[in-house]
**Q** 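First the structure, then my questions, so here it is.
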Amino acid sequence: MKKIGILFGQENSFPQAFIDRVNSKKETDIVAEFVTIDKVVQGEATDYAVIIDRISQDVPFYRAYLKNAALCGTAVINNPFWWSADEKFFNNAIATKLNVPVPNTVLLPSKDRPDDTNENSFRNLKMMDWEFIFKYIGFPAYMKPHSGGGWKSVYKIYNAEDLWEKYAETAQLVMMLQEEIIFDDYFRCYCIGGTDVRIMPYEPRNPHHLRYAAEPKVTGDAYKKLMTTVKNYVIALNRALGYDFNTVEFAIRDGIPYAIDFCNPAPDADIHSVGQDNFEWVVEAAATMAIARAKAQKPGEDNLTWGSYVQSSSHGRLFVPETLVEEPVAAPVEKKKAKKSTK
């Protein structure tokens, strides 16, 4: 019997629905359950062929457990080694090599020195070329941590004086400064298994529970063309990075989709925020992927997904993005209009 486990934290609706969906398919010798841990011994395998990871970004103990599990043959989704290494600034750098549009972005050193360092630790760092940076990025801009998520420590910057004031609050965080994209449309896209894509109209300026209560402004042939481009960008990014379960966000400016955020390896999948239709899609896609990975899993071998960037680098080859064949998107995703509150 091969076990599929899900490791999760505070979320409620998705984990149980995922377990129920996998088990409802009644696959021979495959069962899904919540992961249970009572000991972690170096080099010893777990009972799971597949583990869906939804929480290790917040619990270092779990991340270490998953790396040990992967070493012993568990197919961990997402790859815990790559997840530990990846961050948002590198995501943007990869996008530039894939010819996926991204906002102009620069990396800034932390305002405060890291612990156990002094001025001699920064002998290679010159004064930042602020004149170039301001011209390249422009104002308004956004300043955000180069690694992390959840809209933590994100600042809108209006001018140089505003930057100095807010930069002073960031302490030892390494930040990136990013061009503001004034968008006409915005989409959030699930990508599961590197191929299954769900494009969802999204309004990040709405309250959290209403962000998916949006309608695309572009229509007709322009919509179909845009969705085809977005889908291909989503697949290209996830294949390069090696994520089995991720979301990619796009801000559409003058018909061009700019990838804004695509380092979300434990994306929101709560029914109360994503809505019933999107929830049903992600549960089904995740269950189907997990079953396929369980069937393909070989005990004691490497069953992780490694992105094309790492695969190329590990063989000493230059990273050359693959060419995607365009797959037309036939129709818009139907959205149910949000009910007005009666409060």
**Q** Kindly indicate whether the side chain of P80, heavy atoms from C-beta on, has any atom under 4.5 Å from the side chain of L304.
**A**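 Yes - at least one pair of side-chain heavy atoms lies under 4.5 Å apart.
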
**Q** Would you call D221-K225 a salt bridge at under 4.0 Å N-O?
**A** no

**Q** Think R54 forms a cation-pi with F245, using NZ or CZ under 6.0 Å from the six-ring centre and within 45 degrees of its axis?
**A** yes

**Q** Can you tell me how far CD1 of I133 sits from CG of L107, rounded to the nearest 0.5 angstrom?
**A** 9.5 Å

**Q** What residues form a salt bridge (Lys or Arg N to Asp or Glu O under 4.0 Å) with E119, not counting sequence neighbours?
**A** R113

**Q** Hey, what do you get for CG (N12) to CD1 (I271), rounding to the nearest 0.5 Å?
**A** 12.0 Å

**Q** Please enumerate all residues that pass side-chain hydrogen bond (donor to acceptor under 3.5 Å, both in side chains) together with K97, with sequence neighbours excluded.
**A**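 For K97, no residue satisfies side-chain hydrogen bond (donor to acceptor under 3.5 Å, both in side chains) once neighbours in sequence are set aside.
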
**Q** When you measure from the side chain of K88 to the backbone N and O of M176, does any donor-acceptor pair fall under 3.5 Å?
**A** no

**Q** For the pair N78 (side chain) and D244 (backbone), establish whether a donor and an acceptor sit closer than 3.5 Å, ignoring hydrogens and angles.
**A** yes

**Q** Side-chain contact, heavy-atom cut-off 4.5 Å: Y243 with V248?
**A**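 Heavy-atom side-chain distance check fails, nothing below 4.5 Å.
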
**Q** Donor-acceptor pair, N303 side chain versus K298 backbone, under 3.5 Å?
**A** yes

**Q** Do L173 and L125 sit in one hydrophobic cluster, given that two such residues count as connected whenever their side-chain heavy atoms are within less than 4.5 Å of each other, even indirectly?
**A** yes

**Q** Less than 4.5 Å apart, any side-chain heavy atom of V274 and any of R188?
**A** no

**Q** For a quick test of reading the model, state the closest non-hydrogen atom pair linking S153 to P145 and the distance between them.
**A** O-CD, 3.3 Å

**Q** Test your reading of the model: is there a side-chain donor-acceptor pair from K231 to the backbone of C189, 3.5 Å cut-off?
**A**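 Checked: no pair found.
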
**Q** By the ring pair (Phe, Tyr, Trp, His ring centres under 6.0 Å) test, which pairs, at least two apart or in different chains, include something from residues 282-313?
**A**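 Output for this query lists F90-Y309, Y309-F319.
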
**Q** How many angstroms lie between atom CD of Q178 and atom CD1 of I157, to the nearest 0.5 angstrom?
**A**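 Reported value, rounded in 0.5 Å steps: 12.0 Å.
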
**Q** Please indicate whether R317 has more than 12 foreign heavy atoms, meaning atoms of other residues, nucleotides or ligands, lying under 6.0 Å from its CZ.
**A** yes

**Q** Can you confirm whether N120 is buried at CG, in the sense that more than 12 heavy atoms of other residues, nucleotides or ligands lie under 6.0 Å from that atom?
**A** yes

**Q** Would you name the heavy atoms of V102 and A259 that are closest together and state the gap between them?
**A**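 Looking at all heavy atoms of both residues, the shortest contact is CG1-O, 3.5 Å.
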
**Q** Is D129 reaching over with its side chain to a backbone N or O of F132, donor-acceptor style, under 3.5 angstrom?
**A** yes

**Q** Give, for atom CG of N246 and atom OH of Y190, the distance between the pair rounded to the nearest 0.5 Å.
**A** 11.0 Å

**Q** Throw together a table of side-chain donor-acceptor distances under 3.5 angstrom for residues 27-43, partners on residues two or more places apart or in other chains.
**A**
unit_1, atom_1, unit_2, atom_2, d
E27, OE1, K295, NZ, 3.0
E33, OE2, Y48, OH, 2.8

**Q** Carefully, step by step, assess S13 and D270 under the rule side-chain hydrogen bond (donor to acceptor under 3.5 Å, both in side chains).
**A** CA-CA 6 Å; S13 59; D270 184 79; 2.9 Å; yes

**Q** Taking the side chain as every heavy atom from C-beta outward, state whether T195 and R239 have any pair of such atoms under 4.5 Å apart.
**A** yes

**Q** Is the backbone N or O of A240 less than 3.5 Å from a side-chain atom of N238, with the two atoms forming a donor-acceptor pair by type?
**A**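 Checking the backbone N and O of A240 against the side chain of N238, no donor-acceptor pair under 3.5 Å is found.
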
**Q** For I4 and R293, what are the C-alpha separation, side-chain angles and deciding distance, and is it a side-chain contact (heavy atoms from CB on, under 4.5 Å)?
**A** CA-CA 9 Å; I4 297 172; R293 294 293 295 276; over 6 Å; no

**Q** To the closest 0.5 Å, what do you measure between OG (S273) and CG (N278)?
**A**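 Reported to 0.5 Å precision, the distance equals 9.5 Å.
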
**Q** Is the positively charged end of R253 above the ring of Y258, judged by distance under 6.0 angstrom from the centroid and angle within 45° of the axis?
**A** yes

**Q** Would V76 and V310 show up in the same hydrophobic cluster when neighbours are defined by side-chain heavy atoms closer than 4.5 Å?
**A**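 Yes; V310 is reachable from V76 via cluster members.
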
**Q** Please test I260 against F183 for side-chain contact (heavy atoms from CB on, under 4.5 Å), starting from the C-alpha separation and ending with a verdict.
**A** CA-CA 11 Å; I260 299 295; F183 57 86; over 6 Å; no

**Q** Under the side-chain contact (heavy atoms from CB on, under 4.5 Å) rule, what do R198 and D277 come out as? Steps first, then yes or no, please.
**A** CA-CA 11 Å; R198 173 80 167 181; D277 292 343; 3.7 Å; yes

**Q** Taking the side chain as everything from C-beta on, heavy atoms only, tell me whether W164 gets closer than 4.5 Å to W130.
**A**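 A side-chain contact exists here, since the closest heavy-atom pair is under 4.5 Å.
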
**Q** Answer yes if the ring centres of Y202 and Y212 are under 6.0 angstrom apart, and no otherwise.
**A** yes

**Q** Side chains of Y65 and T46: closer than 4.5 Å at any heavy-atom pair?
**A** yes

**Q** Do T170 and Y155 have side chains that get closer than 4.5 Å, going by heavy atoms?
**A** yes

**Q** Which atoms form the tightest heavy-atom contact between R211 and P204, and what is the distance?
**A** NE-O, 3.5 Å

**Q** If the condition is salt bridge (Lys or Arg N to Asp or Glu O under 4.0 Å), which residues does E44 pass it with, not counting sequence neighbours?
**A**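 Not a single residue meets the salt bridge (Lys or Arg N to Asp or Glu O under 4.0 Å) criterion with E44.
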
**Q** For K217 and I252: C-alpha separation, side-chain torsions, deciding distance, then whether side-chain contact (heavy atoms from CB on, under 4.5 Å) applies.
**A** CA-CA 10 Å; K217 296 179 178 62; I252 314 302; over 6 Å; no

**Q** Are the side chain of D86 and the backbone of C263 linked by a donor-acceptor contact shorter than 3.5 Å?
**A**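 Absent.
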
**Q** Ignoring hydrogens and geometry, is there a side-chain-to-backbone donor-acceptor pair from E179 to N104 under 3.5 Å?
**A** yes

**Q** To the nearest 0.5 Å, tell me how far F139 CZ sits from D162 CG.
**A**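 One finds 8.5 Å between CZ of F139 and CG of D162.
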
**Q** Can you find a heavy atom in the side chain of K67 that is under 4.5 Å from one in the side chain of S84?
**A** yes

**Q** List, one per line, each side-chain donor-acceptor pair under 3.5 Å for residues 281-289, sequence neighbours excluded.
**A**
unit_1, atom_1, unit_2, atom_2, d
E284, OE1, R21, NH1, 2.9
E284, OE1, K25, NZ, 3.4
E284, OE2, K25, NZ, 2.8
E284, OE2, T288, OG1, 3.4
T288, OG1, E284, O, 2.9

**Q** Please name the pair of heavy atoms, one in P216 and one in P201, separated by the smallest distance, quoted to 0.1 Å.
**A**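 Shortest heavy-atom separation between P216 and P201 comes out as CD-CG, 3.5 Å.
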
